[in-house]
Amino acid sequence: MSRHTVIFIRHAKAAQSSATGDSGRALTDEGKEQAQQLGKKLTATLAKVDKIFLSPATRAIETWEQMTQGAGLSTGDLPNPQQDPVIYAGEPHAILDMVRAQGDGETVVVVGHEPTISEVARLSVKDDVEVPAGIPTASAIIISASHDWKEWHSHVATTAEFIH
């Protein structure tokens with residue numbers, strides 16, 4: 001059985017407000033730089049991604065775009081990102097269901113928001129695996145398990161790595 005990995009990413013630093021509401025908040029210049037740096041740190045991992053799920057919020061979409069730029073990857077190198085309102089809604093069990101239902105591949109990316117990103121990562125790992133709560137902007141939690149996607153449920157992942 002192959003190892004399956006989920007990379008949970010919190011969006012980079014965003015503007016405090018937007019004329020179009022919370023979901024329209026764009027990245028600041030600092031946020032763009034943060035996302036590019038995170039992309040550089042994750043270059044090898046991002047190159048192997050099979051599925052990408054993004055919150056439909058502007059800051060999450062821009063974070064992913066800046067990360068791929070920082071990693072030196074083009075859109076042709078990666079699968080098309082899928083925007084899913086479940087991520088913006090922030091219900092950890094629903095996000096875990098989304099990951100479980102994706103079916104193919106070995107590596108999935110989820111770009112979203114706090115506190116949901118750290119909550120769903122903590123929900124996914126076994127009790128003895130440490131996952132930080134309340135991660136800063138432009139951070140990733142990478143979790144892995146030797147289970148098929150359909151078998152992913154709470155407390156199944158055996159490894160976790162925090163990257164900021």
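- Every residue two or more places apart in sequence or in another chain that forms a side chain to side chain contact (heavy atoms under 4.5 Å, CB included) with A94 is listed here: V86, E91.
- In this structure, the side chain of W152 does not engage the main chain of S124 through any donor-acceptor pair within 3.5 Å.
- Here E114 pairs with R10, I117, S118, I135 under the side chain to side chain contact (heavy atoms under 4.5 Å, CB included) rule; sequence neighbours left out.
- Of the possible polar contacts, one joining the R59 side chain to the D22 backbone as a donor-acceptor pair under 3.5 Å is found.
- By the rule that hydrophobic residues join a cluster once side-chain heavy atoms approach within less than 4.5 Å of another member, I61 and V110 end up as members of separate clusters.
- Here the straight-line distance linking atom CD of Q66 with atom CG of L27 works out to 6.5 Å at 0.5 Å rounding.
- For the ring pair (Phe, Tyr, Trp, His ring centres under 6.0 Å) test, residues two or more places apart in sequence or in another chain that qualify with Y88 are H113.
- Connection of I163 to V131 is not established within any shared hydrophobic cluster, with ILVMFWY side chains joined at heavy-atom distances below 4.5 Å, either directly or through further cluster members.
- In summary, the side chains of R3 and S146 do present a donor paired with an acceptor at a separation below 3.5 Å, with no hydrogens or angles considered.
- Note: the hydrophobic cluster containing M98 also contains V156 (ILVMFWY, side chain heavy atoms under 4.5 Å, direct or indirect links).
- Legend: residues meeting side chain to side chain contact (heavy atoms under 4.5 Å, CB included) with K126, ordered by chain and number and at least two apart, are D128, V129, T158.
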Kindly list each side-chain donor-acceptor pair under 3.5 angstrom involving residues 42-49, sequence neighbours excluded, with atom names and distances?
| unit_1 | atom_1 | unit_2 | atom_2 | d |
| --- | --- | --- | --- | --- |
| T43 | OG1 | G39 | O | 3.1 |
| T43 | OG1 | K40 | O | 3.0 |

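- When hydrophobic clusters are built by joining Ile, Leu, Val, Met, Phe, Trp and Tyr residues whose side-chain heavy atoms come closer than 4.5 Å, directly or via intermediates, I52 is not grouped with I95.
- Side-chain atoms of T5 never come within 3.5 Å of backbone atoms of S144 as a donor-acceptor pair (strictly under, hydrogens ignored).
- Residues satisfying the side chain to side chain contact (heavy atoms under 4.5 Å, CB included) criterion with K13, sequence neighbours excluded, are T28, E30, Q34, T137.
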Could you walk me through whether Q69 and E65 pass side-chain hydrogen bond (donor to acceptor under 3.5 Å, both in side chains), step by step?
CA-CA 6 Å; Q69 183 178 338; E65 292 168 349; over 6 Å; no
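- Using modelled atom types and a 3.5 Å distance limit, the side chains of S139 and H164 yield a donor-acceptor pair.
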Check against salt bridge (Lys or Arg N to Asp or Glu O under 4.0 Å), R122 and D127:
CA-CA 8 Å; R122 284 195 322 270; D127 292 334; over 6 Å; no
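- No donor-acceptor pair under 3.5 Å is formed between the side chain of D50 and the backbone N or O of V108.
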